[in-house]
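Note that the numbering runs from 1 along the sequence shown for the chain.
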Amino acid sequence: MGMELENGQAQFQDMEGVNFTDSQLVDFIRGFLSSVSLGNTDGYNQLVGVIHHRERLSPDEVALLVTCLKALCGAVSFIDNALHESLLAGIFKMSLWDYGPNVMDALVELITSLAVSSGKYVDSCLDMLVNNFMPPHYYKDLLKKPHGLIRKDEVFSRVHTALKDISDLVPLAPLRLEQIVVNKMQRVFFKESLTSVYVENMLRLEKGSLSEFVGRKILTALVDKLLDLDVEIGWDDILQDDFSKGIFEIELEDDDEITDDINEDSIELPSELSRKSLTGNVIAETLDSLIVLTFEHLESCERDGRLNEVFEILLLSFQRTVLTAYKSKFAQFVIFYACALDPEVCGARFAVTLADMFISCNDPPLTRMSAVSYLASYLSRGKFLSTSLVTTILKRLVDWCLEYGKSQHVDLNPKAHKVFYSGCQAIMYVLCFRMRSILEIPRLKSQLLLMPIGPILTHRLGPLKVCLPSIVEEFLRKANDANLFTPSETFIFNGLLESEYSKTFGGMERLDMFFPFDPCLLKRCDRYLRPYFVYWSMVRPSYDEEEDDNEGSSDEDVAEVFPDRIEENLMDDEAMARSYDDREFDLDEFDSALNKMSITPRNSIQYRRDSVQMPSRILPSTSPGSWW
């Protein structure tokens with residue numbers, strides 16, 4: 001073989017001394033290809049030797065390679081996948097990352113010509129181009145330097161142009177492309193920097209001209225992969241539960257990274273619950289990088305006016321995989337961030353969808369419990385959500401719990417009525433975070449006071465005894481201060497996080513302790529989420545101060561957390577109607593708006609609001625027993 005390469009190089013060098021036209025060069029290469037079937041392989045082997053050459057190329061060798069690649073473009077019809085297997089193998093193994101612009105251009109032109117010439121080469125050509133989504137391993141450090149970034153742009157621009165050209169000329173190419181991209185993704189998730197480069201290319205495809213063909217499958221596959229990585233990070237890697245502390249006492253707020261909009265009196269945490277526990281965790285760092293890339297992609301979609309389209313894909317993916325995953329820790333923040341970028345459409349749609357799923361009787365109890373866990377955490381943590389929306393969704397939960405209670409004439413049973421208990425706990429949890437902001441708006445305050453929360457919580461099923469003690473305790477303190485609800489029975493919890501009853505209704509999945517939008521422990525993700533996030537320290541009352549001065553309200557604190565609610569009490573009715581936050585959130589109007597935007601109304605997808613008959617208006621009664 002060494003002698004053949006030397007002879008081949010000599011013959012090609014002799015060829016360079018002659019001024020061949022382009023057509024003559026093509027004829028020259030065609031002759032090499034055709035001679036193989038006649039048993040003469042000398043010229044063909046010389047050609048293969050040039051293509052297979054992997055050592056550092058001299059300028060003359062580069063020129064020879066470019067010449068051969070260009071000539072092959074005109075001879076693709078003479079290439080046979082059986083006779084010229086070694087030549088094709090050499091071409092498909094070439095990496096754009098190894099060459100300069102001239103070779104890259106010639107190689108991309110050849111790959112495109114091969115794909116268009118015959119359907120049997122389409123998969124191999126697409127596979128070769130997608131292989132270039134990932135740089136060679138020795139490029140890992142180079143990607144951090146200017147010349148490495150330049151090379152990355154040179155490669156990616158050519159790869160995506162070629163994919164677009166092939167897809168335009170070969171009708172089935174987009175379908176094959178999405179399958180190749182998704183299948184290869186399963187094998188590349190091992191190095192953070194290189195994995196991020198692959199996902200960057202995936203998202204570039206989703207955003208580009210091929211989006212309508214491959215975007216849905218790529219986004220869905222990406223969410224699935226984020227969830228796979230999420231599951232790889234066990235809870236043991238993050239914290240060890242301290243059951244002597246309440247749920248509100250173990251919230252993460254890293255004082256070193258607190259931003260200006262968060263109160264300085266952040267909660268001290270046990271050392272186990274810290275980002276430090278994930279430091280050095282390769283999977284966690286990879287997941288962090290990929291979610292940040294997805295966040296930035298969502299920002300780009302929002303700027304381009306296509307966020308609603310992308311959100312529909314994310315929502316269906318969430319319902320199919322994330323919602324049913326066992327205590328997902330991080331993947332769900334992708335849809336949270338999408339909602340934050342468009343609160344009025346995406347943000348409201350997510351809340352309404354979760355409420356529909358909980359109220360629907362068509363889903364298994366665990367699915368409904370998971371949905372209401374997500375809903376409670378979302379309504380509590382989403383700083384971007386209007387108080388009007390929160391109050392509307394809260395009323396739906398209260399109405400359902402009331403109707404359920406009317407049909408039950410039995411005593412406490414955590415296992416049999418776990419969906420009911422999960423709804424009650426969600427109501428109390430949301431009010432721990434949102435009660436103060438609701439009471440700040442007169443109209444919403446009236447709605448809250450009219451809700452039959454007391455009769456629900458004092459039902460013979462005993463939700464106050466079954467739900468998490470720490471949530472019940474915090475809710476009762478807030479409700480008592482607001483004159484919203486005071487139980488006739490005294491409850492003593494001794495600061496316990498959980499109880500035997502809550503363990504029973506939570507089941508093996510411990511959905512009683514599932515708060516999916518608790519503060520994110522991934523450092524880079526957290527920086528994106530903080531401006532849109534409500535931390536407990538931002539809304540928690542200072543009971544010591546309130547005992548000293550009951551009239552010392554925390555209006556200023558609420559205004560800092562929800563700045564669109566400043567001076568609400570001083571606004572007249574007309575002005576309040578113009579306020580986004582105080583505007584009545586109407587579910588039917590919301591469905592109508594979705595129709596106008598060509599978005600499938602929520603009621604026609606999977607869940608219907610009318611699956612449980614709700615009373616049009618519920619008036620309070622002086623006797624709790626009359627509710628049942």
Side-chain angles (χ1 to χ4, degrees), residues 1-36 40-79 84-117 121 124-125 128-129 131-132 135-136 138-139 142 147-162 165-166:
M1 183 63 183
M3 182 63 71
E4 289 177 352
L5 286 177
E6 290 179 5
N7 292 337
Q9 290 176 355
Q11 290 191 32
F12 275 108
Q13 288 171 358
D14 292 340
M15 182 185 73
E16 288 180 359
V18 181
N19 292 323
F20 286 106
T21 64
D22 291 343
S23 59
Q24 289 174 322
L25 284 172
V26 171
D27 290 338
F28 193 78
I29 296 299
R30 286 176 176 175
F32 283 170
L33 298 173
S34 299
S35 63
V36 175
N40 181 6
T41 60
D42 289 345
Y44 172 74
N45 289 336
Q46 296 164 18
L47 178 61
V48 172
V50 173
I51 298 299
H52 274 275
H53 190 53
R54 293 290 183 267
E55 302 296 328
R56 192 175 186 86
L57 301 179
S58 67
D60 288 343
E61 290 171 327
V62 170
L64 180 60
L65 179 58
V66 171
T67 299
C68 291
L69 292 173
K70 287 185 175 180
L72 281 168
C73 288
V76 291
S77 60
F78 285 74
I79 298 177
H84 308 122
E85 183 180 358
S86 58
L87 175 65
L88 288 169
I91 292 171
F92 292 137
K93 287 181 180 178
M94 294 179 74
S95 172
L96 297 177
W97 296 86
D98 294 332
Y99 303 102
N102 291 336
V103 176
M104 284 194 279
D105 289 337
L107 180 56
V108 166
E109 184 181 357
L110 174 57
I111 292 296
T112 304
S113 299
L114 277 170
V116 173
S117 69
Y121 298 129
S124 297
C125 292
M128 181 269 184
L129 291 170
N131 281 338
N132 282 276
Y138 60 80
Y139 254 90
L142 291 177
H147 65 278
L149 294 174
I150 292 174
R151 174 56 58 87
K152 186 180 82 166
D153 291 340
E154 291 174 342
V155 171
F156 288 173
S157 62
R158 288 169 171 81
V159 166
H160 286 274
T161 297
D165 292 342
I166 293 172

### Query
Distance-only, no hydrogens or angles: does the Tyr44 side chain make a donor-acceptor pair with backbone N or O of Leu87 under 3.5 Å?
yes

### Summary
The residue among Ile79, Val116, Val76 that forms side-chain contact (heavy atoms from CB on, under 4.5 Å) with Tyr121 is Ile79

Look up atom [atom1] in [X] and atom [atom2] in [Y], then write down how far apart they are to the nearest 0.5 Å.
X	Y	atom1	atom2	value
Cys125	Leu88	SG	CG	8.5 Å
Phe78	Ser117	CZ	OG	12.5 Å
His160	Asp165	NE2	CG	13.0 Å
Leu47	Thr41	CG	OG1	12.0 Å
Ile150	Lys152	CD1	NZ	12.0 Å

### Query
Can you name the side chain to side chain donor-acceptor pair (under 3.5 Å) partners of Arg158, sequence neighbours left out?
Asp105

### Message
Using the rule given for side chain to side chain contact (heavy atoms under 4.5 Å, CB included), can you reason through Leu129 versus Ile111, listing the C-alpha separation, both sets of side-chain angles and the distance that settles it, and then say yes or no?
### Response
CA-CA 8 Å; Leu129 291 170; Ile111 292 296; 4.1 Å; yes

### Query
Given the rule in the side chain to side chain contact (heavy atoms under 4.5 Å, CB included) test, do Met104 and Val155 qualify, once you have shown the distances and angles that lead to the verdict?
CA-CA 8 Å; Met104 284 194 279; Val155 171; 3.9 Å; yes

#### Entry: Heavy-atom side-chain proximity of Leu65 to Ile51 below 4.5 angstrom
yes

### Message
Is any side-chain heavy atom of Thr161 closer than 4.5 Å to one of Val108?
### Response
no

### Task
For Val50 and Cys68, work out which heavy atoms get closest and say how close.
CG1-SG, 4.0 Å

### Nearest heavy-atom neighbours spanning Lys70 and Ala106
CG-CB, 4.1 Å

Pair up each side-chain donor or acceptor in residues 90-102 with any protein partner under 3.5 Å, not counting sequence neighbours, and list the distances.
{"from": "Ser95", "atom 1": "OG", "to": "Trp97", "atom 2": "N", "distance (Å)": "3.3"}
{"from": "Trp97", "atom 1": "NE1", "to": "Asn132", "atom 2": "O", "distance (Å)": "3.1"}
{"from": "Asp98", "atom 1": "OD1", "to": "Tyr138", "atom 2": "OH", "distance (Å)": "2.4"}

Residues 29-36, side-chain donor-acceptor partners within the protein, below 3.5 Å, at least two apart:
{"from": "Arg30", "atom 1": "NE", "to": "Gly74", "atom 2": "O", "distance (Å)": "3.3"}
{"from": "Arg30", "atom 1": "NH2", "to": "Gly74", "atom 2": "O", "distance (Å)": "2.8"}
{"from": "Ser34", "atom 1": "OG", "to": "Arg30", "atom 2": "O", "distance (Å)": "3.0"}
{"from": "Ser35", "atom 1": "OG", "to": "Gly31", "atom 2": "O", "distance (Å)": "3.3"}
{"from": "Ser35", "atom 1": "OG", "to": "Phe32", "atom 2": "O", "distance (Å)": "2.8"}
{"from": "Ser35", "atom 1": "OG", "to": "Asn40", "atom 2": "O", "distance (Å)": "2.9"}

